[in-house]
Amino acid sequence: MKFMDFISPQAIRADLTAGDKPGVVREMVQALLDAGAIDPGDMESIVKAIMNREELGSTGIGRGVAVPHAKHASVDRLVGTVAVSREGVDFDSLDGEKVYVLFLLVSPLDRPGDHLRALENIARQLRDDRFCRFLKQAKTAEEIRQLLEEADANQFGG
């Protein structure tokens with residue numbers, strides 16, 4: 001599975017303004033709503049589902065990256081977005097460091113395979129230090145989209 005199979009390009013954000021985990025999750029879900037990837041009536045329950053998932057264990061995986069995600073009955077296909085925080089956010093990461101790059105996923109209840117393939121793709125690509133560094137340095141949503149497309153084309157080590 002490639003990034004552009006599930007990332008909504010119109011939902012990519014290059015400069016998150018929220019300064020805490022709940023605010024960042026809300027801002028990213030709002031980006032999915034603004035992009036038409038989710039319905040307005042489902043926003044609050046999606047935010048809640050992601051925050052409930054965070055209570056089970058932080059999705060801050062280390063190296064400045066978090067992958068908040070949840071399964072939700074309102075979506076019929078995997079949707080996601082990517083965002084960068086210039087200041088960094090305390091995400092209760094495994095390594096205790098702030099998070100600068102976030103991938104947010106919402107997947108259907110009945111498609112666990114797609115969810116896992118997307119998480120595997122993200123993890124594989126994030127092993128490449130250049131990819132992580134370029135994402136953190138991206139200044140625009142378009143730069144982020146281009147990096148994702150380059151990763152999809154195997155232009156990084158992932």
Quiz item: Are Met4 and Phe103 in one and the same hydrophobic cluster, where Ile, Leu, Val, Met, Phe, Trp and Tyr link if side-chain heavy atoms are under 4.5 Å apart?
Solution: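 Yes, Met4 and Phe103 fall within the same hydrophobic cluster.
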Considering non-hydrogen atoms only, spot the tightest contact between [X] and [Y] and give its length.
X	Y	result
Ile12	Leu148	CD1-CD1, 4.1 Å
Ala37	Ser8	CB-OG, 3.6 Å
Ala138	Ile144	CB-CG1, 3.5 Å

Quiz item: Would you find a donor on one side and an acceptor on the other, under 3.5 Å apart, between the side chain of Asp90 and the backbone of Asp92?
Solution: yes
Practice problem: Using atom types as modelled and distance alone, determine if a side-chain donor or acceptor of Asp39 lies under 3.5 Å from a backbone N or O of Asp42. | Solution: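 Such a contact is absent between Asp39 side chain and Asp42 backbone.
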Quiz prompt | Sequence-distant partners of Asp5, side-chain contact (heavy atoms from CB on, under 4.5 Å), two or more places apart | solution = Met1, Lys2
Quiz item: Who pairs with Lys48 by side-chain contact (heavy atoms from CB on, under 4.5 Å), at least two apart in sequence or on another chain?
Solution: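 Lys48 satisfies side-chain contact (heavy atoms from CB on, under 4.5 Å) with Asn52 once adjacent residues are dropped.
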Quiz item: What ring-ring contact (aromatic ring centres under 6.0 Å, His included) pairs are there with at least one residue in residues 61-84, not counting sequence neighbours?
Solution: His69-His115
Quiz item: Under the ring-ring contact (aromatic ring centres under 6.0 Å, His included) rule, what pairs show up with a residue in residues 26-57, not counting sequence neighbours?
Solution: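 Listed by first then second residue: nothing to list.
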Quiz item: Are more than 12 heavy atoms from other residues, nucleotides or ligands located less than 6.0 Å from atom CD of Glu87?
Solution: no
Self-check item: Distance in Å, Arg145 CZ paired with Glu150 CD, rounded so as to fall on 0.5 Å steps
Solution: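 Arg145 CZ to Glu150 CD: 10.0 Å, rounded to 0.5 Å.
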Quiz item: Atom CG in Asp128, atom CZ in Arg133: separation rounded to 0.5 Å?
Solution: 8.5 Å
Quiz item: With a cutoff of under 4.5 Å between side-chain heavy atoms, which Ile, Leu, Val, Met, Phe, Trp and Tyr residues group with Val29?
Solution: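 ILVMFWY cluster around Val29 also holds Leu16, Val24, Val25, Met28, Leu32, Leu33, Ile38, Met43, Ile46, Val47, Ile50, Met51, Val75, Val79, Val89, Phe91, Val99, Leu102, Leu104, Val106.
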Exercise. With sequence neighbours excluded, tell me which residues meet ring pair (Phe, Tyr, Trp, His ring centres under 6.0 Å) with Phe6.
Key: none
